[in-house]
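None of the values given here were measured: they were computed from a predicted structure. Below, chains carry the letters A, B, ... as their sequence lines are ordered, and counting in each starts from 1.
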2 protein chains.
Amino acid sequence: MASHLSIDDVAKRTGLTAHTLRYYERIGLISPIARAAGGQRRYGTADIAWIEFLLRLRTTHMPISKMLAFAGLRSAGDSTISQRRHLLQTHLAEVQIELEAMNRCVAALQEKIEHYHSLEPCHSSTFNPEENLPDDHTKPLPARTGETP
Amino acid sequence: MASHLSIDDVAKRTGLTAHTLRYYERIGLISPIARAAGGQRRYGTADIAWIEFLLRLRTTHMPISKMLAFAGLRSAGDSTISQRRHLLQTHLAEVQIELEAMNRCVAALQEKIEHYHSLEPCHSSTFNPEENLPDDHTKPLPARTGETP
DNA sequence: CTATTGGTTTGAGCGCGCTCTAAGTCAATA
DNA sequence: TATTGACTTAGAGCGCGCTCAAACCAATAG
């Protein structure tokens with residue numbers, strides 16, 4: 001259960017910095033970590049699991065304030081399981097909405113790229129700085145891009 | 001082409017605040033908007049289209065610094081079209097990676113919810129504050145949740 | 001016995017993306 | 001004419017999520 005990992009080990013494993021790990025502990029997102037002689041943190045597998053869970057919440061854009069609420073419920077024991085589930089479900093519902101918005105925007109941006117393709121004189125697909133071929137009659141600033149006119 | 005919309009009209013249409021619209025113009029994300037007598041902004045359809053495009057970039061988490069780069073290319077004329085396309089494609093590639101990460105996390109969180117379901121004593125699916133039925137032998141703090149032990 | 005390494009703490013600072021304030025200008029109305 | 005109210009500007013302030021700095025301590029190497 002206690003795999004005595006140092007803070008740097010955990011940093012490498014999780015991609016967080018040691019700074020951030022201490023910060024998370026300070027604000028209560030991570031409960032106090034066991035210490036070796038000398039006061040150095042020793043993370044157990046349960047700690048790692050919790051951190052990885054936090055990272056999943058972070059990846060799905062849960063604000064720290066909500067993670068703190070979740071952590072509070074968790075530390076209050078098994079009687080809060082339904083509340084934790086509720087919190088998670090609410091969050092996932094928000095995430096679904098965000099994902100749909102993102103997907104819509106991605107689709108629109110891909111269409112814009114298609115549009116650019118049709119506008120390009122030669123279509124070299126990689127970026128090439130020497131690519132100022134046609135000095136078209138360019139309207140300087142208000143070069144609109146053609147959405148919802 | 002000029003549909004003489006006031007800043008508040010545009011705010012309502014786009015969901016941005018008038019403050020934010022002025023801020024975007026100040027930092028160069030939006031090029032100087034035409035003015036009515038008295039100096040009030042009058043937005044045209046091309047302006048609206050550009051703002052909606054910016055919102056799509058924002059929804060897909062493009063930082064303002066990159067939007068500024070894009071805006072700069074745009075105002076430099078048609079010769080920058082391939083660079084704009086490149087910028088957009090790079091961005092979309094990042095977005096795809098982010099979307100995949102989010103989807104993986106959503107799946108994991110949904111599994112966690114399933115797990116909670118199996119742990120719950122009675123399963124009332126809506127949140128109920130009076131739900132402290134079983135005072136189980138609860139481990140106070142280190143109530144681990146069971147990922148990767 | 002130093003010097004180095006690698007951790008510790010508290011608190012300050014920072015980058016981002018707004019958000020708000022203060023002071024001023026203008027157009028229309030009482 | 002006086003006042004209202006919507007708009008303008010430049011600049012300060014804020015919430016979030018880190019990120020860093022300064023000072024200190026413990027263990028090991030030379």
Side-chain angles (χ1 to χ4, degrees), chain A residues 2-44 47 51-71 91 94 98 101-102 105, chain B residues 4-43 47 50-71 91 94 98 101-102 105:
Chain A
S3 47
H4 57 82
L5 288 163
S6 77
I7 197 165
D8 271 16
D9 294 335
V10 177
K12 273 162 204 149
R13 259 182 158 72
T14 61
L16 295 169
T17 67
H19 282 312
T20 304
L21 283 167
R22 288 190 210 102
Y23 166 69
Y24 279 0
E25 189 175 338
R26 229 162 54 184
I27 65 174
L29 210 46
I30 298 173
S31 55
I33 296 296
R35 301 305 176 105
Q40 291 165 239
R41 289 170 177 80
R42 287 297 173 257
Y43 292 80
D47 299 321
I51 290 164
E52 284 170 349
F53 174 65
L54 289 179
L55 285 177
R56 280 194 275 282
L57 296 182
R58 191 179 71 161
T59 295
T60 55
H61 304 139
M62 182 183 282
I64 284 181
S65 56
K66 275 194 187 175
M67 296 190 210
L68 279 175
F70 193 97
H91 173 60
E94 292 167 6
E98 189 188 345
M102 287 181 75
C105 288
Chain B
H4 57 80
L5 288 163
S6 78
I7 196 166
D8 272 15
D9 294 335
V10 178
K12 272 161 205 149
R13 258 180 157 74
T14 60
L16 295 169
T17 67
H19 281 312
T20 304
L21 283 167
R22 287 189 211 102
Y23 165 69
Y24 280 0
E25 189 174 338
R26 231 165 46 185
I27 65 174
L29 211 45
I30 298 173
S31 55
I33 297 295
R35 302 305 176 106
Q40 292 164 239
R41 289 170 177 80
R42 288 294 175 259
Y43 292 81
D47 300 320
W50 172 245
I51 291 165
E52 284 170 349
F53 174 66
L54 289 178
L55 285 177
R56 280 194 276 281
L57 296 182
R58 190 179 73 162
T59 295
T60 54
H61 305 141
M62 181 183 282
I64 284 181
S65 55
K66 276 194 186 174
M67 295 190 211
L68 280 174
F70 193 97
H91 173 60
E94 293 166 6
E98 188 189 344
M102 287 181 73
C105 288

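Of the listed residues (B:V10, B:L55, B:I7), just one forms a side-chain contact (heavy atoms from CB on, under 4.5 Å) with B:L16, and that residue is B:L55.
Of the candidate nucleotides D:dC7, D:dG17, C:dG7, C:dG7 has the atom lying nearest to any side-chain atom of A:Q40. Taking the side chain of B:T20 as heavy atoms from C-beta on, and the options C:dT19, D:dT9, C:dA27, the nearest nucleotide is C:dT19. Out of C:dT9, C:dG17, D:dT19, the shortest distance to the side chain of A:R22 is found at C:dT9. Of the candidate nucleotides C:dT19, D:dT19, D:dT8, D:dT19 has the atom lying nearest to any side-chain atom of A:Y23.
Of the possible polar contacts, one joining the B:R35 side chain to the B:I33 backbone as a donor-acceptor pair under 3.5 Å is found.
For the OP1/OP2 pair of D:dC18 and a distance below 4.0 Å, the side-chain nitrogens and oxygens of A:Y24 include at least one atom meeting the criterion. Between A:R41 and the phosphate of C:dT9, there is a side-chain N or O to OP1/OP2 separation shorter than 4.0 Å. Between A:R58 and D:dC18, a side-chain N or O to OP1/OP2 separation shorter than 4.0 Å is present.
The CE-C1' distance, from B:M62 to C:dC16, rounds to 16 Å in whole Å. Regarding A:H61, its NE2 atom lies at a distance of 16 Å from the P atom of D:dC16, rounded to whole Å. A:I33 places its CD1 atom 10 Å from the P atom of C:dT8, with the value rounded to the nearest Å. One can place CD1 of A:I64 at 5 Å from C1' of D:dG17, the figure rounded to the nearest angstrom. In this entry the distance linking CG of A:L55 with C1' of D:dC18 reads 14 Å, nearest Å. The distance from atom NZ of B:K66 to atom C1' of C:dC16 is 15 Å, rounded to the nearest whole Å. The distance from atom CZ of B:R35 to atom C1' of C:dT25 is 13 Å, rounded to the nearest whole Å. Residue B:I7 contributes atom CD1, which lies 11 Å from atom C1' of D:dA6 at whole-angstrom precision.
Residue order along DNA chain D, read from the 5' end via each residue's closest nucleotide, puts B:S6 first among B:S6 and A:G38. Heavy-atom nearest nucleotides on DNA chain C were determined for A:D8 and for B:A37, and the one closer to the 5' end corresponds to A:D8.
For the atom pair A:Y24 OH and A:L68 CG, the distance stands at 10.0 Å (nearest 0.5 Å). One finds the CG atom of A:L54 at 9.0 Å from the CZ atom of A:F70 (value rounded to the nearest 0.5 Å). For the atom pair SG of A:C105 and CG of B:L57, the computed distance is 8.5 Å after rounding to the nearest 0.5 Å.
In the interface, the side chain of A:R26 is paired with the base of C:dG11 through a donor and an acceptor atom under 3.5 Å apart.
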